Amino acid sequence: MPELPEVFVVSKFLKKEAKGQTIEDIVVRYSKMMDESMRKKLIGQTINDIETHGKYLIFKLTDYDLISHLRMEGKYYVSDPDVINKHDHVIFYLTDKVLKYNDVRKFGTFDLREKSQTYKIPPLSKLAKEPFEIDLDTFYAAIKKRRSPIKTILLNQGIIAGIGNIYADEILFQAKIHPLKIANTLTKKQAQTIIASSIDILTRAIKKGGTTIFSFKSDEEVGWFTQDLMVHTKANEPCKICQTKIGKIKVNGRSTYFCSHCQRM
DNA sequence: CCCGTGCCCTGGCGGC
DNA sequence: TGCCGCCAGGGCACGG
């Protein structure tokens with residue numbers, strides 16, 4: 001499931017494939033994904049650039065910004081125009097190629113904004129800064145007034161942007177903090193450690209994804225692979241640091257993996 | 001404002 | 001072999 005590193009890698013792919021191309025036509029195969037008024041506005045627009053903010057992709061067009069969220073399984077790929085795959089929902093006919101948005105679960109979203117409104121209304125108006133830019137005092141102030149588990153806080157895009165369920169577990173493991181630790185009991189030092197671990201893990205994941213970018217296809221995963229993970233999906237396996245069995249619990253309905261010895265309340 | 005729950009979706013898998 | 005129920009999860013609406 002795409003988190004900040006995967007979205008960043010996708011944006012690199014899109015810059016390579018779609019930057020400078022004009023949208024000549026669009027075929028929408030699942031109407032809830034994109035309505036007709038959006039489709040009409042997009043036709044004739046040139047893709048001048050692709051930016052990212054957290055898990056969002058932002059296509060910078062001639063007159064609008066197109067905000068794309070991949071959610072769990074959304075992906076973009078370029079392929080033979082004659083081949084339509086089962087979960088291709090939006091097909092962009094560009095100047096000299098066909099770009100497809102494929103999404104098995106249909107959870108992905110498209111939002112079109114006037115350029116002046118992009119960051120003024122949802123979804124981007126509510127988005128916090130990414131770990132790379134976030135200010136420690138701001139982050140710590142947000143934490144101090146929350147009574148939820150820290151895991152829940154890391155998934156809150158309005159507090160810190162770009163972290164999803166997989167990297168949240170990995171970040172807390174590296175920071176040696178228990179996922180159920182209540183946010184407002186953290187010290188400023190621990191908040192700082194969380195930010196540092198976030199930057200470290202996201203950066204390493206981006207580098208990892210970057211190695212597969214040139215062979216990117218719809219059915220290839222980007223980002224971290226299972227052997228890079230320390231705790232996520234490792235239930236009952238020995239912790240790579242202390243050999244304690246990795247535990248699995250639910251935090252706010254999300255599967256959460258942790259080491260009860262390395263990560264303290 | 002904060003916090004928890006249910007919903008959107010499909011495919012894969014365990015159980016029988 | 002097939003069917004059923006559950007699980008995966010990001011963001012949002014909605015209730016307390």
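None of the values given here were measured: they were computed from a predicted structure. Protein chains get the first letters and strands the later ones, always in sequence-line order, with residue 1 at the start of each. Because only heavy atoms are used, hydrogens play no part in the values below, and waters and symmetry mates are left out as well, while side chains stay in.
- Ring pair A:Tyr119/A:His53 is tilted by interplanar angle, where 30° to 60° counts as tilted.
- Residues in residues 21-52 of chain A take part in these ring pair (Phe, Tyr, Trp, His ring centres under 6.0 Å) pairs, two or more places apart or across chains: A:Tyr30-A:His89.
- Looking at heavy-atom distances under 4.0 Å, A:Gln157 makes contact with sugar-phosphate atoms alone, never a base.
- Each of A:Glu73 and A:Pro123 has a nearest nucleotide on DNA chain C; the 5'-most of these lies closest to A:Glu73.
- The phosphate of C:dG11 (OP1 or OP2) has no side-chain N or O of A:Lys126 nearer than 4.0 angstrom.
- To the nearest angstrom, C1' of C:dG10 lies 14 Å from CG of A:Leu57.
- With hydrogens and angles ignored, the 3.5 Å screen pairs no side-chain donor or acceptor of A:Gln192 with any backbone N or O of A:Leu136.
- Position along DNA chain B of the nearest nucleotide to A:Phe107 versus A:Asn252 favours A:Asn252 as the more 5'-ward residue.
- Of the candidate nucleotides C:dG11, C:dA8, B:dG11, C:dA8 has the atom lying nearest to any side-chain atom of A:Lys250.
- The side chain of A:Lys55 approaches C:dG10 more closely than any other nucleotide in the set C:dA8, B:dG11, C:dG10.
- Between A:Met72 atom CE and C:dA8 atom P there is a gap of 12 Å when expressed in whole angstrom units.
- Atom-to-atom, CG of A:Asn156 to P of C:dG11 comes out at 9 Å; the value is rounded to the nearest Å.
- Taking only side-chain nitrogens and oxygens, A:Ser148 comes nearer than 4.0 Å to OP1 or OP2 of B:dG4.
- Counting non-hydrogen atoms under 4.0 angstrom, A:Lys151 reaches nothing in the nucleic acid.
- Counting to the nearest Å, the P atom of B:dC7 and the CZ atom of A:Arg71 are 16 Å from each other.
- Whole-Å rounding puts the A:His89 NE2 to B:dC8 P distance at 17 Å.
- Here the C1' atom of nucleotide B:dC1 and the CD1 atom of A:Ile153 are 13 Å apart, to the nearest Å.
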Open item on the list: As a check on the pairing definition, encode DNA chain C in dot-bracket form, counting Watson-Crick and G-U wobble pairs whose two distances are under 3.5 Å, and using | for partners outside this strand.
Closed with: .|||||||||||||||
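- A donor-acceptor contact shorter than 3.5 Å is absent between the side chain of A:Arg113 and the backbone of A:Ile67.
- Between A:Tyr30 and A:Thr152, the one whose closest nucleotide on DNA chain B sits nearer the 5' end is A:Thr152.
- Using a 4.0 Å heavy-atom criterion, one finds that A:Thr109 contacts no nucleic acid atom at all.
- Near DNA chain B, defined here as any heavy-atom distance below 4.0 Å, the residues from residues 138-147 of chain A are A:Lys145, A:Arg146, A:Arg147, listed numerically.
- The CD1 atom of A:Ile23 sits 5.5 Å away from atom CG of A:Leu61, with the distance rounded to the nearest 0.5 Å.
- Looking only at atom types and distance, the side chain of A:Tyr101 has no donor-acceptor partner in the side chain of A:Ser68 under 3.5 Å away.
- Using a 4.0 Å heavy-atom cutoff across all strands shown, A:Pro122 reaches no nucleic acid atom at all.
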